[in-house]
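What follows is a short report on a single structure.
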Amino acid sequence: MADYVLSADAGFRFVWAAHALLDLSERAGLHIREGARTRLFPEAARQLDRTWPDGASWVEGDWPAPCGLRLDRFGPDDGTAVGAVIDASHCCVHDQTDRLSFALEADGQPVSIALWRNLGGFPAQHPYRSTGVEPMLGRVFDLAEAGPGDVARVPASGEVRWRLTLTTNCRCA
């Protein structure tokens with residue numbers, strides 16, 4: 001468990017993420033509440049069951065297969081790389097008998113789980129396998145693309161507090 005405090009001027013906007021990079025097997029899975037709204041970003045466009053809208057920064061669908069793209073299972077390297085932001089405060093990674101549970105608490109702030117699933121699709125010249133499961137404050141990777149409610153904001157008190165909990169006890173049941 002880790003407790004965080006940010007002191008700043010009231011109204012200061014920010015995003016924050018815990019970058020947990022995990023070495024997961026092909027049998028690993030990510031457990032998040034079914035139906036959670038999930039944002040996909042342009043690198044996913046070729047893998048979707050629809051055409052990417054012109055000028056869109058992201059598209060949304062429901063977990064575990066937003067816009068037809070199954071994200072809860074990792075599988076073998078397939079040359080893809082996808083970034084997603086899931087509207088959830090907790091998740092659990094299962095990899096055979098191993099478990100890692102993440103939970104993020106932040107009163108009055110938007111919380112999400114960011115996923116970076118690189119199955120050998122990035123970078124183009126020297127691709128590798130990498131998985132990031134990243135509890136975050138906010139719902140976007142870039143402040144410039146944020147809409148209403150997409151970023152954390154310092155309240156009138158001048159202080160934001162949040163708690164990140166990681167445990168090997170599965171919390172997804």
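Quick caveat: nothing in here was measured; it's all calculated off a predicted structure. Only this structure's heavy atoms are used, side chains among them; waters, hydrogens and symmetry mates stay out.
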Nearest atoms (heavy-atom pairs only) where Gly121 meets Pro127
N-CB, 4.2 Å
Which heavy atom of Arg129 sits nearest to which heavy atom of Asp77, and what is that distance?
NH1-OD1, 2.6 Å
Asp107, CG atom: more than 12 neighbouring heavy atoms under 6.0 Å:
no
Just verifying a value: how many Å separate Cys91 SG and Ile86 CD1, rounded to the nearest 0.5 Å?
7.5 Å
Least distance between heavy atoms, Arg139 atom then Gly149 atom:
NH1-O, 2.8 Å
Counting neighbours of CZ on Arg46 that are heavy atoms of other residues, nucleotides or ligands and sit closer than 6.0 Å, is the number greater than 12?
no
Nearest atoms (heavy-atom pairs only) where Asp62 meets Thr38:
C-OG1, 4.3 Å
Under 3.5 Å donor-acceptor, Ser112 side chain and Gly138 backbone
yes
For Leu71 against Leu40, the heavy-atom pair lying closest together:
CD1-CD2, 3.7 Å
Under 4.5 Å between any side-chain heavy atoms of Val85 and Val140, yes or no?
no
Do other residues, nucleotides or ligands put more than 12 heavy atoms under 6.0 Å from the CG atom of Asp49?
yes
Just checking, is any N or O donor in the side chain of Ser25 or Asp95 under 3.5 Å from an acceptor N or O on the other one?
yes
Search all heavy atoms of Trp162 against all heavy atoms of Leu6 and return the closest pair with its distance.
CZ3-CB, 3.8 Å
Would the distance check show the side chain of Arg161 and the main-chain N or O of Tyr4 forming a donor-acceptor pair, the cut-off being under 3.5 Å?
no
Do the non-hydrogen side-chain atoms of Val15 and Leu137 ever get within less than 4.5 Å of each other?
no
May I ask you to decide if the ring planes of Tyr128 and Phe122 are parallel, tilted or perpendicular, using 30° and 60° as cut-offs?
perpendicular
Taking the side chain from Arg50 and the backbone from Ala45, do they hold a donor-acceptor pair closer than 3.5 Å?
no
Does the distance from a Lys or Arg side-chain N to an Asp or Glu carboxylate O, for Asp150 and Arg39, drop under 4.0 Å?
yes
